Every structure is written in structure tokens, then in C-alpha cells.
2 protein chains.
Amino acid sequence: MIRKLGVFVVLSPPELTLLSDLQQRRRTYVAGRDLVDQGQADQAAYILHSGWACSYKLLPDGQRQIVDFQIPGDFLGLRSVLLRISDHSIVPVTDIEVTEVQTSDLLDIFAKTPRLAAAVLWAASRDEAVVVEHLVGVGRRDAAERLAHFLLELGARLALVGMGSKAGFDCPLSQYMLADALGLSAVHINRVLRQMRENGILTFRDGHVTFDNYARLTEFAQFDPTYLDELGPLLK
Amino acid sequence: MIRKLGVFVVLSPPELTLLSDLQQRRRTYVAGRDLVDQGQADQAAYILHSGWACSYKLLPDGQRQIVDFQIPGDFLGLRSVLLRISDHSIVPVTDIEVTEVQTSDLLDIFAKTPRLAAAVLWAASRDEAVVVEHLVGVGRRDAAERLAHFLLELGARLALVGMGSKAGFDCPLSQYMLADALGLSAVHINRVLRQMRENGILTFRDGHVTFDNYARLTEFAQFDPTYLDELGPLLK
DNA sequence: CACCCGTGCTGATCTCGATCAGTTCAGCCG
DNA sequence: CGGCTGAACTGATCGAGATCAGCACGGGTG
């Protein structure tokens, strides 16, 4: 996390102290047991160090919409803290390692180091940009474009933290999770994945995504990654 | 805007000065001409005083996904400033009145008044919560539920600024805009509206939405407004 | 060992909502 | 005045993706 934020902000000694103080509260959580529950109040936020997590909303009829996946370096549940009541749930996809950030720590950060506050706001904006792009996909792209775009985005985000490349990445998600993220049925995800494999543009097998033809894939999905790596002027 | 933020933060004199300094730069813009364009750099943000606006993304093939509508009291283009490059466009739906907020003003706010910074972050989080709920609708609700939920949310947001109630609200949106927001065709929006009118739960006619049966409507749409009015602990 | 259970995978059928192709009506402008 | 445009509205047809039903496999766990 420090590495990641450090890319965007030149950190001063007091800022570094503040951040490293946080490192005391390292925790690990196992895959599958909810970390944050929809409707819960006064949650802590977390910074994800290793493993994948997933934030989702449950509808009363039992349907699930996955809002986003978090990978190492991402915040978990920042919005739950800011709004005080969590409007979504978070579950680790794999076993994860996190550090807890209390509400009071955030207050400290805002009072003492406006630059770090700006960094947090930047991170929140980037998260929102990801959600917005997700919305565009679900609203206006067909199943294949949607899936391709989603996996490309995930690949680009992972590449930023050294866990992926234009060749592919390791991916612990099941076809059911992909379905709930993309607003499709698992059956249909399966079919679309088969078509992409047969067309030689993408293979998802045994927990690994391979971009068989990165150029054709980005063209097909109309993938434009600018929203992922731009840097705000507040942080220059 | 001051009224709205004032609900959430007890403002100190220097904070009030800072805010009222901003009021110098009042502008008006006409309906239909883009205020911010996708891909543009170094945009200003705006605070909306009167009228409605709409933020959307355009796909290369000409399709449009409307991400959110903004009503009086909302920020416009906050994310464009924070990410430096705008990942979306904004167009006034009606003639609007705004005040411009420069990037440098935001820097000021962050440096001088951490509480106002927290308020801005809170506003951004609430915006994100709205987008997330929108995503859930597009991903997992059928056309009727989606439309009902959307109009209820809009009504609740308008009620917060005194422009709507459980009886209904004035709504300048065309069926085409509703379609682009909800990921449906305008034709289908029309049919669904007719069904709701015939079922006596909702009427949308001549620029006015009437909730004919608010209780039945919230039940049908499974509308839960908590995410709209919760207040963060940073602001207490 | 047998027995689950989760995940991947597939064929057959159904359906919601898109698309196409119009009509009507209310401004608005020459 | 007639012609034009944009929005609301409607019927007929089509198709992407859901749903249902089922098989195969591999890795736990009694």
C-alpha cells in the first residue's frame, strides 16, 4: 500500500510515520467468510496486502450483484466508513492479509496530512471510475464484450501491482462469480468463455487467464485503460 | 450547496468564508450543450444550484450509458478533477445555474479545513453509493423493477432538497434518457410506463412523476433508501 | 472406501426486451 | 398556412441470454 500510494505522492517523514503506525494491525482472514456485512454500522476499513476480495450487494430475493473485486493494494470498505452504514458486503475470495484502518485513523490523516487525505480521495475516485466502467459494461455491452472488457481491466489493474501482464494473470474467480459480477448466468459465462477459447483470443482455465491475442481482444472489447492509471493534480 | 453541506457539518467562520468566496463564480449554461467532455484534461468541477444535469459515457459505436443525473445541491465533475482526465461527459438536461470550483480551490479546502475535505469525501462516497445501486439495478433487476427503483431513488434525492415528496416530483427527463440510464430501449420504457400507469402504481406524464401508490411501489421495487441519507462519523 | 459437493460443462426450451416500422400529436419556423 | 422535428406511443418479429435438466471430474470428509 505504501508502495502504491508512494507512486502518486511524495511522502514526508510524518506521513510515513503515520502510515507505518498502521502496519501494527495486520490481520489474516480466510476465504468465504464475510468481512463486512450489508447494513452493519461502524465498520473499520482495510488495506488489502495479499489475496483477492469481492464486494457485493445481496437483493432480498437472493440474487447477488458483485460490484467490484479488490486486489492487493486496494482499499476495502472505505465507503462503509465514510457513510457509517455499510451499503454492501465484502467477502475474501482467497485467504487474505489486511491491515485494519479505524475511523479515528482516517480522522488523523485528514487533520494532520492533507496530502494523504487527497491521496485517499484519489483512491476513492479511481474506485468509482472502475464501478462506472462496470456499469457501462452491464448496461450497454453484450456478454462477450462485457466479459472481455472485464478481464482486460482486471489484467491491467493487476499489472500495476506486478501480478499480471499482457500475456495473462492468475485468477481465483469461479464462473459463478464472473456471472454475478457481469449480470449474466454462469451457464452463459461458460459458453462465452468456450467461444473465446475456440476463437483463439482468450483462455481461462485452471485459475489462469491467458490473453491469446491481446491486440484483437482490446479492439473487440474497445478497452481503453486511461481511467485506471491517471494521476490527479492534487498529488503532484 | 452551503445549506446542504451545512446539514452535515457544523461550519466554522473561516469555512464559511471559504465557501462564500466561491459564490463569486456563478455561471449559467443552456440545456443540451456539453459542459465537460470525455477525455478532456484539467477540467473544473461545479456545484449545481438549479436545473438538472446528466453524466454519461459514450461508447465508440455511438451507444450511450447515462451514469447518473445531478440535481440541485450535487457536485458535477468532481471525479474529473481528482483523476485529472475526465472519464465521462456532462450535459445540462435543463438550463442550469452552477458555481465553478477550480482545482486550486479544492487544494485550499484540503489544506485549510480538513472538515470540509471530509465533507467533500462524504459527498463523493454518496455519489458512488448511488452509482453502485444503479449497477445493481442494471445487473440484476428486470425492466419494471429497475425503472420503479430508479424513479423512487430520484424522488428520495429530490425530497432531500425540497423538490419532491412521496406524492411525486417534476421530472424533465425524456423516455430516451431514461432508456440510456437504465440500459433499455426507449420503446420498452414506454411500454413499462404504460403498464405501471394501468396498474395504478405510478404515472409519468407531461414532465411529472406521480407515485399513485407509494407503499406498493417501494415494495415492488424493493427500495431501501438508507444509502441516501446516512451521515458519516467524520462529520459529526 | 463411498459419498458429497462445488465447479465446469452441455443441450433443449423459453422469454424478456431489442429492433423494425410505423402513427399521432404538439410545437416551431419559413 | 403547410412542412418539419422531436417525443410519445404501438404492433409484429427476432434473438441474446435465462432457465431447466443433466453429466463429469476432483477434492474433501465420514
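Chain A is the first sequence line, chain B the second, and so forth, proteins listed ahead of strands; every chain is numbered from 1. What you see is a predicted model, and the numbers here were worked out from it, not measured in a lab. In what follows, every heavy atom counts, from backbone to side chain, and hydrogens, waters and symmetry copies are set aside.
Under the 30°/60° scheme for interplanar angles, the aromatic rings of B:Phe169 and B:Trp52 are found to lie parallel. Using cut-offs of 30° and 60° for the angle between ring planes, the B:His134 and B:Phe150 rings count as tilted.
Interface remark: the A:Arg205 side chain does not form any donor-acceptor pair with the C:dG8 base, using a distance-only criterion of under 3.5 Å. On a pure distance criterion of 3.5 Å, no polar donor-acceptor pair joins the side chain of A:Arg194 and the base of C:dG8.
Contact between the side-chain N/O atoms of A:Asn190 and the OP1/OP2 oxygens of C:dG8 is not found at any separation under 4.0 Å.
Between B:Met196 atom CE and D:dC9 atom P there is a gap of 14 Å when expressed in whole angstrom units. Atom pair B:Asp180:CG and D:dA7:P shows a separation of 12 Å (rounding to whole Å applied). Separating the CD atom of B:Glu145 from the P atom of C:dC16 is a distance of 12 Å, rounded to the nearest angstrom. If you measure from atom CZ of B:Arg140 to atom C1' of C:dC16, you get 15 Å, rounded to the nearest angstrom. Per the geometry, CD1 belonging to B:Ile189 stands 16 Å off C1' belonging to D:dT10, to the nearest Å. Distance, A:His188 NE2 to C:dC9 P: 15 Å, rounded to whole Å. Rounded to a whole Å, the CZ atom of B:Phe204 is 7 Å from the P atom of D:dA8. Put simply, CG on B:Leu178 is 12 Å from P on D:dA7, counting in whole angstrom units.
Within 4.0 Å of B:Gly183, counting heavy atoms only, lie sugar-phosphate atoms of the nucleic acid but no base atom. Among the protein residues, A:Ser185 comes within range of the nucleic acid bases, having at least one heavy atom under 4.0 Å from a base atom. In this structure, A:Leu193 reaches neither bases nor backbone, as no heavy-atom distance under 4.0 Å exists between it and the strands shown. Among the heavy atoms of the strands, none lies under 4.0 Å from A:Gly32.
For B:Arg191, taking side-chain heavy atoms from C-beta onward, the closest of the listed nucleotides C:dT19, D:dC9, D:dC20 is C:dT19. Set against D:dA7, C:dG11, C:dG8, the side chain of B:Ser174 has D:dA7 as its closest nucleotide. Considering only side-chain atoms of A:Asp142, the nucleotide from D:dC20, D:dG17, C:dT19 that sits closest is D:dG17.
Under 3.5 Å, the side chains of B:Gln65 and B:Gln63 contain no donor-acceptor pair of N or O atoms.
Side-chain atoms of A:Gln38 come within 3.5 Å of backbone atoms of A:Leu58 as a donor-acceptor pair (strictly under, hydrogens ignored).
Rounding to the nearest 0.5 angstrom, the gap separating the OG1 atom in A:Thr218 from the CG atom in A:Asp224 is 10.0 Å.
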